[in-house]
A.B. asks: 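Please find one structure pasted underneath; my questions will follow.
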Amino acid sequence: MLVATWNVNSIRARLPAVVKWLALRRPDVVCLQEIKCVDEQFPCEPFEDLGYACAIFGQKTYNGVAILAKAGVEDVVRGLPGDPGDVESRVIAATAGGLRVVNAYVVNGRQVGHEKYHYKLSWLARLARLVQAERAAHEQLAVVGDFNVTFDDRDVARPEAWHEQILCSTPEREALAGVVAAGVADSVRRFTQDKGPYTWWDFKTRGFERGDGLRIDHVLLSPEALERCERVDVDVEVRAASGASDHAPVVASLRDAS
DNA sequence: ATGGTGGATTTTCCA
């Protein structure tokens, strides 16, 4: 079972690239972030033609998340339950093929100390509560998405340039650790302790061309799901293509559940 | 170098 996460930076702008990648990669579960459209504008049909069911939590212009799954999507939850302050479309959960999937687009935070930075820390703490509840209810759990946070400096190609900057500050990393503490682990670090791989490169500073990458898109797995995980790949060639999103897809491969 | 690029919707916001 292939479980993928990809911040597409507008599903309408990226539709040809997403369809092409899906047809080649054929992941079983695909979690998209920053779809940047309302539910009615989401192009379900090309995905249904490829065999995917769609669960969408859209928003006009900004944010928006969706889960596509070949096995269908059940028990869909949109937003942070019981959290009236969660007014943006940043998280959707669903069950697909026996796996509970939480798909999050974490607040970017703009810069350390900014009002949105504090909102980011708060939102991550509230996401951790959702993960705790999902973990209590599901052994097979994947929490994936664009977390807009690196775990440590191995996730930063140029750590000296990013030291205590947005995406890399200690409070952000502590908030991400709070999500992990709810009962999931970073799947990539099951396989490597080396620097990288990276999943995002800044458009503005031509980060990809400069080799200035960060790993901010994650696949976090419950112990029972992590035990099934055979590999995690970043499809960096997708980021290298012209007209790409600023994020590359991340794909985890899970053995069949016993 | 406080720039740069890219997307959506508008002449600006967000990343």
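Proteins get letters first, then strands, A, B, ... in listed order; numbering begins at 1 in each.
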A.B. asks: Among residues 106-114 of chain A, which contact DNA chain B at a heavy-atom distance under 4.0 Å?
C.D. replies: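 Only A:Asn108, A:Arg110 qualify.
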A.B. asks: Enumerate the residues from residues 155-167 of chain A whose closest heavy atom to DNA chain B is under 4.0 Å, giving them by residue number; use none for an empty result.
C.D. replies: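 Contacting residues: none.
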A.B. asks: Return the residues of residues 196-212 of chain A meeting this criterion: a heavy atom under 4.0 Å from some atom of DNA chain B. Order them by number, or give none.
C.D. replies: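 Heavy-atom cutoff 4.0 Å gives A:Phe203, A:Lys204, A:Thr205, A:Arg206.
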A.B. asks: From the 5' end of DNA chain B to its 3' end, which nucleotides mark the outer limits of contact with chain A, defined by a 4.0 Å heavy-atom distance cut-off (strictly under)?
C.D. replies: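 Terminal contacting nucleotides, 5' to 3': B:dG4 to B:dA15.
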A.B. asks: Are any of the side-chain heavy atoms of A:Trp201 and A:Arg239 separated by less than 4.5 Å?
C.D. replies: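 They are in side-chain contact.
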A.B. asks: Pairs in or reaching into residues 207-216 of chain A: which pass salt bridge (Lys or Arg N to Asp or Glu O under 4.0 Å), with residues at least two apart or in two chains?
C.D. replies: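 The answer is A:Asp155-A:Arg215, A:Arg158-A:Asp212, A:Asp186-A:Arg215, A:Arg206-A:Glu209, A:Arg210-A:Asp212.
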A.B. asks: Any luck finding a side-chain donor-acceptor pair between A:Asp86 and A:Trp123 under 3.5 Å?
C.D. replies: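 Judged by distance alone, the side chains do pair up.
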A.B. asks: List in chain and number order the residues that pass side-chain contact (heavy atoms from CB on, under 4.5 Å) with A:Gln193, two or more places apart in sequence or in another chain; answer none if no residue qualifies.
C.D. replies: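 side-chain contact (heavy atoms from CB on, under 4.5 Å) check on A:Gln193 returns A:Arg154, A:Arg189.
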A.B. asks: Give me the atom names and distance for the closest heavy-atom approach of A:Ser245 to A:Trp6.
C.D. replies: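 So the minimum-distance heavy-atom pair works out to CB-NE1, 4.1 Å.
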A.B. asks: Among pairs that include at least one residue of residues 129-182 of chain A, which meet ring pair (Phe, Tyr, Trp, His ring centres under 6.0 Å), considering only residues two or more places apart or in two chains?
C.D. replies: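 Matches after skipping sequence neighbours: A:Phe147-A:His218, A:Phe151-A:His218.
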A.B. asks: Hey, where does DNA chain B pair up into stems, meaning at least three consecutive Watson-Crick or G-U pairs with distances under 3.5 Å?
C.D. replies: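 Runs of three or more consecutive pairs: B:5-8 with B:12-15.
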A.B. asks: Can you tell me which residue pairs pass the ring pair (Phe, Tyr, Trp, His ring centres under 6.0 Å) test with a partner in residues 58-105 of chain A, sequence neighbours excluded?
C.D. replies: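 Sorted result for residues 58-105 of chain A: empty, none.
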A.B. asks: Not counting sequence neighbours, list each pair that qualifies as a side-chain hydrogen bond (donor to acceptor under 3.5 Å, both in side chains) and has a residue in residues 15-32 of chain A.
C.D. replies: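 side-chain hydrogen bond (donor to acceptor under 3.5 Å, both in side chains) check on residues 15-32 of chain A returns A:Trp21-A:Asp235, A:Arg25-A:Asp235.
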A.B. asks: By side-chain contact (heavy atoms from CB on, under 4.5 Å), which residues pair with A:Val77, not counting sequence neighbours?
C.D. replies: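 Checked A:Val77 against side-chain contact (heavy atoms from CB on, under 4.5 Å); matches are A:Pro81, A:Ala93, A:Arg100.
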A.B. asks: Excluding sequence neighbours, so at least two apart, what forms side-chain contact (heavy atoms from CB on, under 4.5 Å) with A:Lys36?
C.D. replies: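 Expected list: A:Asn9, A:Ser10, A:Glu34.
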